[in-house]
Amino acid sequence: MGGGSRALSLSSLCATTLAAARAPAPFLAPAHRGLLPLRLAAAMSSSSSCPAPAASGDAAAPAPAPAPSNAIDFLTLCYRLKTTKRAGWVKRGVQAPESVADHMYRMGVMALVAADLPGVNRDRCVKMAIVHDIAEAIVGDITPSDNVPKEEKSRMEKEALDHMCELLGGGPRAQEIRELWMEYENNASLEAKVVKDFDKIEMILQALEYEKEQGRDLEEFFQSTAGKFQTDIGKAWAAEIASRRKPK
């Protein structure tokens, strides 16, 4: 892994990150939530080592689960998804805005209740929905108004994801999370296209709800998604939401 001084530094960073995640109040700065250090768990050699793989001839053997210490460390970090508010709403002064976890949860429900679509694995869509923004536990919710180039945002999130998978201990569960995230990021499958549409659908549905509850005009969120839906279900649900808005 490298020299002892580097190991100590990375271990300290990981301990600081996990301690902060356990804090009762959000600790991400409002801008990018600080774009926090991403070297989360590189030094946790004892708790982050991958479980021993199943014997090559034993195809029926269950996939090894993360060690309890890895699982709880990973889930503790995921707590930050519950306390990180969606930045677009914060910047528009929405009262009590939803968290990243709120957003991903309803996307998962969307995938669960959607009609079966030809060639689309619904279970994979549910999993992708609850993984697609998981790197925001580290980097926060970066929006276009933050002026972070798309390539840099992707790099930061990929690095964060890699460290979260290391924190989970590697192995098949971490690999599945990584594959789902990359598939979504690259828009590389029918499932990714459906979930990307659900991402936009959830946003405009939330915008509609804030408009009704708080008397706000959030037209810009509807305009930002106009003409960008890739699937028939995305287009149909977007049209239904638009039909429920009051005429301006």
Evaluate side-chain contact (heavy atoms from CB on, under 4.5 Å) for Ile177 paired with Leu161, printing each intermediate quantity in order.
-> CA-CA 9 Å; Ile177 290 172; Leu161 179 79; 4.1 Å; yes

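- Checked for salt-bridge contact, Glu211 and Arg216 miss the test: no charged N lies under 4.0 Å from a carboxylate O.
- When atom types are taken as modelled, the side chain of Glu191 and the backbone of Val120 share no donor-acceptor pair closer than 3.5 angstrom.
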Determine all donor-acceptor pairs shorter than 3.5 Å in which one atom belongs to a side chain in residues 233-242; sequence neighbours excluded.
{"unit_1": "Glu240", "atom_1": "OE2", "unit_2": "Arg244", "atom_2": "NE", "d": "2.8"}
{"unit_1": "Glu240", "atom_1": "OE2", "unit_2": "Arg244", "atom_2": "NH2", "d": "2.9"}

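- Taking every heavy atom of both residues into account, Val139 and Glu157 meet most closely at CG2-CG, 3.8 Å.
- Salt-bridge formation is not detected for the pair Glu209/Lys212: no Lys NZ or Arg NE/NH1/NH2 atom is positioned less than 4.0 Å from an Asp or Glu carboxylate oxygen.
- Listed by first then second residue, pairs satisfying ring-ring contact (aromatic ring centres under 6.0 Å, His included) with a partner in residues 111-144 read His103-His132, His132-Tyr184, not counting sequence neighbours.
- Residues passing the salt bridge (Lys or Arg N to Asp or Glu O under 4.0 Å) test with Lys196: none are found, sequence neighbours excluded.
- Evaluation of the salt bridge (charged side-chain N to carboxylate O under 4.0 Å, His left out) test over residues 115-132, restricted to residues two or more places apart or in two chains, returns Arg124-Glu183, Lys127-Glu176.
- In this structure, the separation between CD1 on Ile204 and CD on Gln206 is 11.5 Å, given to the nearest 0.5 Å.
- Interatomic distance, CE of Met164 versus CZ of Phe74, reported as 4.5 Å (0.5 Å rounding).
- The neighbour count for Asn187 CG, taken as heavy atoms of other residues, nucleotides or ligands under 6.0 Å away, is above 12.
- The side-chain heavy atoms of Trp89 and Met203, taken from C-beta on, include a pair separated by under 4.5 Å.
- The two residues Thr143 and Gly88 make their nearest non-hydrogen contact at CG2-N, 4.0 Å.
- In this structure, the side chain of Lys228 engages the main chain of Ser224 through a donor-acceptor pair within 3.5 Å.
- Nearest approach of Ile134 to Met104, heavy atoms of both residues: N-SD, 4.1 Å.
- Distance alone, capped at 3.5 Å, places no donor-acceptor pair between the Asn186 side chain and the Ala188 backbone.
- Using a 4.5 Å heavy-atom cutoff, the side chains of Glu185 and Trp181 are in contact.
- Rounding to the nearest 0.5 Å gives a distance of 9.5 Å between SG of Cys165 and CG of Leu167.
- At distances below 3.5 Å, at least one donor-acceptor pair connects side-chain atoms of Asp197 with backbone N or O atoms of Gln230.
- Closest heavy-atom contact between Asp146 and Lys91: OD1-NZ, 2.8 Å.
- Proximity of Val94 to Val90: side-chain heavy atoms (C-beta onward) are nowhere separated by under 4.5 Å.
- Leu208 CG to Leu218 CG: the interatomic distance, rounded to the nearest 0.5 Å, is 9.5 Å.
- Residues Asp217 and Arg245 approach most closely at OD1-NH2, 4.1 Å, considering heavy atoms.
- Thr231 OG1 to Leu190 CG: the interatomic distance, rounded to the nearest 0.5 Å, is 9.5 Å.
- Looking at Gln214, its side chain does come within 3.5 Å of a backbone N or O of Gln95 through a donor-acceptor pair.
- Ala192 and Met128 make their closest contact through CA-SD, 3.6 Å (heavy atoms, listed as atom of the first residue, atom of the second, distance).
- Ser99 pairs by the side chain to side chain contact (heavy atoms under 4.5 Å, CB included) definition with Ala101, Asp102, not counting sequence neighbours.
- Among residues two or more places apart in sequence or in another chain, the side chain to side chain contact (heavy atoms under 4.5 Å, CB included) test is passed with Glu151 by Pro149.
- Side-chain contact, Glu136 with Thr84: no donor N or O sits under 3.5 Å from an acceptor N or O.
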Leu77 and Ile138: CA distance, side-chain angles, deciding distance, side-chain contact (heavy atoms from CB on, under 4.5 Å) verdict | CA-CA 8 Å; Leu77 181 56; Ile138 297 176; 4.2 Å; yes

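- Atom CZ of Phe222 sits in a crowded spot, with more than 12 heavy atoms from other residues, nucleotides or ligands closer than 6.0 Å.
- Rounded to the nearest 0.5 Å, atoms CZ (Phe221) and OH (Tyr210) are 10.0 Å apart.
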